[in-house]
Student: 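Handing you a structure now.
Protein chains get the first letters and strands the later ones, always in sequence-line order, with residue 1 at the start of each. As the structure is a computational prediction, the values presented were derived from the model and not from experiment. No hydrogens, no waters, no symmetry mates; every other heavy atom, side chains included, goes into these values.
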Amino acid sequence: MSKRRVRAIFRKELREYRHNGNIVYAMSILPLVFLIQPLIQVFTLSSSASVPLRHEHSLLYMLAIPVLVPAVLAAYSVVGERLQGTLEPVLASPIRREELLLGKALSAFVPSVAVAYAVFGLFVAVVELFAQPAVASALIQGPDLLAQLVFTPLLAAWSIWVGIAVSARSSDPRTAAEISILLCLPTVAVTSLIAFNVIPAKPATAIGLGAILVILIRLGWRVASANFDRERLITGTK
Amino acid sequence: MTTAETLGRGPALVVDGLGKRFGSRVAFEGVSFEIGYGEVFGFLGPNGAGKTSTVRTLGTLLAPSEGSAIVAGFPLVPDNGVEIRRRIAIMPESPGLYTRLSVLENLECFADLYETQDPADRIEHVLRAVNMLDRAHDVCGALSKGLRQRVALARALLSHPEILFLDEPTSGLDPVASREVHELIDGLRQSGVTIFLTTHRLNEAERLCDRIAILSTTLRAIGPPKQLRDELFAKSLAVRTRAPLAEPNRVFTGLPCVDSWHSDGVAGYLLAVSDPELAAPDVVRALVAAGADVLSIGEARHSLEEVYLELVNESEATQSLA
């Protein structure tokens, strides 16, 4: 595997994101929704609301960001290039399939995780500074912070392979994004059920879910690789 | 690669019975040829003849359905894909540039994909070669079609390819830009690069190519343009006189070197001959003896376009019968 070729794809993708208004919009709008709406709710809470909050893990609800943002980015990655007609010159270069997919995955992973951490950090900072102290201490719990830090990259990686696998089979970026989000929704559902204590948030649950995600990530990589068929992508047949 | 380095090497491309099918549809089949290093090889054929599929197959983008090939010394098998692609470059008909990125950013990406040594120097060199050095920071989406073609050509040159596949490289270019591309191709030939040129411009093929192949699903003909003309058309003399001959049949039929003749315009005649140089003096003498004023006489030269049309029409007729 050539690091230089992986880096070439990674750098090219980031440069493209910067100039692509749709991508910038997709990367901004979801995190903003996930930041502003809960902040409004938090600011309206009185100190008495801190008691039920202590029994929930509301912060985990923000794990939807590292699921949904990279799914949209990754869903565009292959079908977008194919529609632009830029895929053939890349495939005609000495790049291996794995290098191309890894470069694309990293270019979705890094900004998504950065955005997820940034939004989460901003949320925590604003809550600490401006919310009722009792609400803030009930909301921001050490284990939840740790879960957020650990599960953000895992969820992003899973979501990216789903997006790339769908993108490699699609003929339209919008459809690819919709299907990717649909396929990632069960993950959001699980994190929401934990956030609202339907699934108990215990260390064993976290370890179990982490292990499942690692397996899913490996599976996703394999499915994405298998879906990436040079011949079909170039000719649209086979 | 210098000319000396190309000596003693096998052919750049050996293609043997190669074919590609998409389901039941045949893109091309039974294609065989060899191309030497430093050769400019023209690949002609009507739309849908299988030219692009052939290029993509040789470029390891499509897996062949039948036959075999050796590309830049490597058998065309999936395991050799990376090694083959290191040694070749393909410029597709559509430039396929990242239109949101600048010319420089496009070339930087591909310099890294080809793991080019001294990428900055190489990029400068190729941009100078295609006369785009002053446009390096322009966004590709803002360039004209012709300029995009030039950037695509620069991209194809980044890796010092041994074999360069050019698919319609002058498509959409104005005459001056086309001439620059032709000069560039000539320069590449001098440096030992093998060029596989797919084109619809027959004059371009005739001017640039050492040999041409005409494809219409199967290979219809292959050889230097002159050889194809000689093989396809009987040699003939074109004669023009000041006034129509009163009895042309009597003048031409008796001549031993003339196989047949027919009129070509008011006072023009086309004579099928076995050897134009031997036949011309006899014909002139016969015309003078018949009292004709000879304005011109010379070997009738069939254009590459006539060769192409003859072969393609023959192919279509064969397919209709089948």
Student: Working to the nearest 0.5 angstrom, can you tell me the gap between A:His19 NE2 and B:Ser102 OG?
Tutor: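 Here the interatomic distance stands at 7.5 Å.
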Student: I'd like to know if the side chain of A:Arg230 reaches the main chain of B:Leu61, judged simply by a donor and an acceptor atom lying under 3.5 Å from each other, with no hydrogens or angles considered.
Tutor: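 The answer is no, because no donor-acceptor pair under 3.5 Å joins these two groups.
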Student: Just how far is it from atom CD of B:Glu93 to atom CD of A:Glu88, taken to the nearest 0.5 Å?
Tutor: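 So the gap between those two atoms works out to 10.5 Å.
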Student: Which bit of B:Ile90 is near chain A, if near means a heavy-atom gap under 4.5 Å: side chain, backbone, both or neither?
Tutor: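 When you check distances to chain A, only side chain atoms of B:Ile90 fall under 4.5 Å.
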Student: Calculate, to the nearest 0.5 Å, the distance between atoms CZ and CD belonging to A:Arg4 and B:Glu115 respectively.
Tutor: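 That separation rounds to 6.0 Å.
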Student: Might you point out which heavy atoms bring A:Ala8 and B:Cys109 nearest each other, and give the distance in Å?
Tutor: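 Closest approach of A:Ala8 to B:Cys109: CB-O, 3.7 Å.
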Student: Using non-hydrogen atoms and a 4.5 Å limit, figure out which bit of B:Arg56 sits close to chain A: side chain, backbone, both or neither.
Tutor: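 Side chain only.
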Student: Can you confirm whether the side chains of B:Tyr98 and A:Gln84 place a donor and an acceptor under 3.5 Å from each other?
Tutor: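 Short answer, no.
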Student: Which residue out of A:Leu100, A:Asn20, A:Ile95, A:Leu91 racks up the most heavy-atom pairs below 4.5 Å with chain B?
Tutor: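 Answer, by heavy-atom pair count under 4.5 Å with chain B: A:Asn20.
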Student: Using a 4.5 angstrom heavy-atom cutoff, name the option from B:Arg85, B:Glu105, B:Arg87 with the most pairs to chain A.
Tutor: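 With the most close heavy-atom pairs to chain A, the winner is B:Arg85.
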Student: Measure distances from A:Glu81 to the heavy atoms of chain B and classify the residue's part below 4.5 Å as side chain, backbone, both or neither.
Tutor: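 The side chain, not the backbone.
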Student: Could you tell me the separation between the CG atom of B:Leu62 and the CD atom of A:Glu231, rounded to the nearest 0.5 Å?
Tutor: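 Interatomic distance, B:Leu62 CG to A:Glu231 CD, rounded to 0.5 Å: 5.0 Å.
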Student: Under the side chain to side chain contact (heavy atoms under 4.5 Å, CB included) rule, what do B:Val82 and A:Arg96 come out as? Steps first, then yes or no, please.
Tutor: CA-CA 7 Å; B:Val82 172; A:Arg96 289 180 166 85; 3.7 Å; yes
Student: Which atoms of B:Phe110 come close to chain A, meaning under 4.5 Å heavy atom to heavy atom: side chain ones, backbone ones, both, or neither?
Tutor: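 Side chain only.
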Student: Side chain, backbone, both or neither: which part of A:Arg11 has an atom under 4.5 Å from a heavy atom of chain B?
Tutor: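 When you check distances to chain B, only side chain atoms of A:Arg11 fall under 4.5 Å.
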Student: Counting only heavy atoms from other residues, nucleotides and ligands, does the tally under 6.0 Å from CD of A:Gln37 exceed 12?
Tutor: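 Counting neighbours around CD of A:Gln37, more than 12 heavy atoms of other residues, nucleotides or ligands fall under 6.0 Å, so yes.
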Student: Which region of A:Arg18, side chain (C-beta onward) or backbone (N, CA, C, O), has a non-hydrogen atom less than 4.5 Å from a non-hydrogen atom of chain B, or is it both or neither?
Tutor: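 Contact with chain B is through the side chain of A:Arg18 alone.
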Student: At a 4.5 Å cut-off on heavy atoms, which part of A:Val6 comes close to chain B: side chain, backbone, both, or neither?
Tutor: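 The answer is neither part of A:Val6.
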Student: So which part of B:Ala156 gets closer than 4.5 Å to some heavy atom of chain A, the side chain, the backbone, both or neither?
Tutor: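 The answer is neither part of B:Ala156.
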Student: Please report the shortest heavy-atom distance between A:Pro89 and B:Gly96, naming the atom on each side.
Tutor: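 Scanning both residues, the minimum pair turns out to be CG-O, 3.8 Å.
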Student: Heavy atoms only: give me the nearest A:Pro94-B:Leu113 pair and the separation to one decimal.
Tutor: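 Heavy-atom minimum between the residues: CD-O, 3.7 Å.
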Student: Which residue out of A:Gly85, A:Ser93, A:Gly103 racks up the most heavy-atom pairs below 4.5 Å with chain B?
Tutor: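 Looking at each of A:Gly85, A:Ser93, A:Gly103 in turn, A:Ser93 comes out on top.
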